[in-house]
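Inspection log for the structure reproduced underneath, given as structure tokens.
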2 protein chains.
Amino acid sequence: MGNDMVSKGRVTIREVAERAGVSTATASRALSGNHPVPPATRARVLRAARDLDYVANAHARALVGGGRKMAAVVVRQVTSPFYAQVAEGVEAEAADRGWLCVVGATGGDAQREMEFVRLMREEGARLVILVGGVVEDEAYRERVAHYAHALDSSGARLVLCGRPAPGPEIPALVVEFDNEAGARAVTAHLLSAGHRRIVFLGGLPGNTALDARVAGYRAALADHGLPPEAAHVVDCGLGRAAGHRAMTELLKKTDEFTAVFAGDDMVAAGALRAIADAGRRVPDDISVVGYNDIPLAEDFNPPLTTVRTPAEELGRAAVRIALRDPEHAAGAHHLLGTHIVVRESVGAPPPGRVL
Amino acid sequence: MGNDMVSKGRVTIREVAERAGVSTATASRALSGNHPVPPATRARVLRAARDLDYVANAHARALVGGGRKMAAVVVRQVTSPFYAQVAEGVEAEAADRGWLCVVGATGGDAQREMEFVRLMREEGARLVILVGGVVEDEAYRERVAHYAHALDSSGARLVLCGRPAPGPEIPALVVEFDNEAGARAVTAHLLSAGHRRIVFLGGLPGNTALDARVAGYRAALADHGLPPEAAHVVDCGLGRAAGHRAMTELLKKTDEFTAVFAGDDMVAAGALRAIADAGRRVPDDISVVGYNDIPLAEDFNPPLTTVRTPAEELGRAAVRIALRDPEHAAGAHHLLGTHIVVRESVGAPPPGRVL
DNA sequence: ATGAAAGCGCTAACAA
DNA sequence: TTGTTAGCGCTTTCAT
């Protein structure tokens, strides 16, 4: 295959230097290109490197200081459309800057999150991005405060996407969507379609993202002069299966609602199916809205009205903000806007059922 | 935060050793735990490490030989549900073995693929997994043969998922689904529902995965005694947008079909929408099948009959096979089975339109 | 312009 | 049991 005598094991710069008849120092200079080297020698070295199919050892390079910049995104699971989009955004923005991007999945387990962050510290990641809402308890605060200080003290940056900073003086920055505003807006949308009995499906008490959506939901209800009791939150958590189960149960139990606000689009998918299984129609009998506008939301039955949270942009923003203006940004809180995407899952409540 | 005098920069093993009053060698031994160290000293070292929040420098460690094992998956894009599942499988299997997993996205660009593989070589990845069908031309064969030899000569392994080995003597192994069998099976399913005019939507000439599906489709047609002209392949490529566009056009142009076999579920999503937009019903007027059974295929309108390709299992299998029985496996070709998932997008052709 | 040599942080001989 | 030393592959002074 064009290379004479491949010795097992990686080709080192020494072999390149030897073949080119120069010292390793000269070879290094020629290869990196940022030191004056006469064109002739330079060409010989480059030639040798190509012949040998030499690639530098990133570890050795990192050790001596010139390591490749690496960013890490940590998500619950890669197969969640929302997380996948965030990861893609981070990957894209990192790649644009010549950074390497590692993605880790935790399955929602704090233990695995810790291990992964530790790993990233060992690997010398310069940027760690933690994505997704969490239940914000003392353990969380301690854990993340620890990440933040550890990372910071070695010059790396921590960004929290959709989860809160564990305290005021913490060297981490947070960028997230304005969940409360988004939820308030869709709820208002439902309200102005005539719905008065709207159930929120997919609460997860303690989870910052969901709590904010619930708060927005309640706020919208209040805005319209409805009493607090008008709110009906089903704490079934997220995921298609949870949505399906909870919706099925709800339909058996009560009739006292005309619309459902699903905690996210996956919950909406499950709810939609459950409603259809129960022989009810959307939006004629029941209206449904979701959250996130995942890529296939328009293919649901019916196409889902939902809140668009530009997930890829969130990922891109996370790295952009972290890398720009680094000192000043620490501790900052960035809020990204969202908007409603109107499709076909919302209609007027059935006549006589406005309650 | 419990640590006295954090000097900017990473804590090294030397500082740990000093604090514990031992040499770096002893510290290293105590930390790694695989050398006899008296419990007392060991405890002191561990204590010091914890106080200082020490994490080993992975690069230094890698340099000296004990580096962390790293696997890399390369996909077109992380947001494709199918690729995401494969990546998740690889990630999971890698994590189970204590390996680190990096995922790279190429956007389908050969250039970026090459850069990424080079990067992985630099980083010392022990396993590189390339996922997804490709158009198999000379450039492809050369490129991948090069990866294979380069990786092999430094002791790393290459696995090709859903794409062919570039030649017979190449140190790479391929694991993929039996596309032809799967396609043949769904086509037979359509045939036995009574359809005779089935169009294949989403051909991509030269692409190995799609070509195999088309071959299976043609084979099934032949199995049922249909002439070759019965095949109707629309080469619109993959993706929801492509499917939507192609289907819209097709509906304008002809009426000579009662069923469509979409190249994958995303194409099916686009086709479904186009059919609905044209005022036709699935499956009453037209039947549709997809390929892959992505997680949301059951939420399409109507729920999609499709071929289940266990993507996560593909990812897991890739690493499992590559790591097991390494020498013997090289050059091997593993085929994973698939099966049809029957949902509601297939019905009998409209009466009088069997053709 | 180029080579010799030091050193990044760590582990593994080799001594003691 | 523990410390001293060498060296992994590379870049970078410091001489030449």
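Since this is a predicted model, take the numbers as computed values, not measurements. Chain naming here is simple, since letters A, B, ... match the order of the sequence lines and numbering starts at 1 in each.
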message: Using a 4.0 Å heavy-atom cut-off to protein, can you give one letter per nucleotide of nucleotides 8-16 of chain D, 5' to 3': B if the base is in contact, S if only the sugar-phosphate is, - if neither?
response: BBBBBB---
task: Examine distances only and state if a side-chain atom of A:R316 and a backbone atom of A:V90 form a donor-acceptor pair shorter than 3.5 Å.
output: no
- request: Looking only at non-hydrogen atoms, find the nearest pair between B:E113 and B:T106 and report the distance.
  value: CA-CG2, 3.8 Å
query: Between A:R76 and A:A105, is there a donor-acceptor pair closer than 3.5 Å when you use the side chain of the first and the backbone of the second?
result: no
query: Using a cut-off of less than 4.0 Å, is there contact between a side-chain N or O of B:T41 and OP1 or OP2 of D:dT2?
result: yes
- prompt: Regarding A:H146 and B:D53, is there a side-chain donor-to-acceptor distance under 3.5 Å anywhere?
  reply: yes
query: What is the minimum heavy-atom distance between A:Y140 and A:V135, and which atoms define it?
result: CB-O, 3.8 Å
query: For the helix from C:dA1-D:dT16 to C:dA16-D:dT1, how many degrees between its two end axes (five pairs per end), to the nearest 10°?
result: 40°
Side-chain H-bond candidate by donor/acceptor type, A:E136 with A:T208, under 3.5 Å: no
List the atom pairs, donor and acceptor, that lie under 3.5 Å between side-chain atoms in residues 164-172 of chain A and the rest of the protein, sequence neighbours left out.
none

task: For A:E176 and A:H333, test the side chains for any donor-to-acceptor distance below 3.5 angstrom and give the result as yes or no.
output: yes
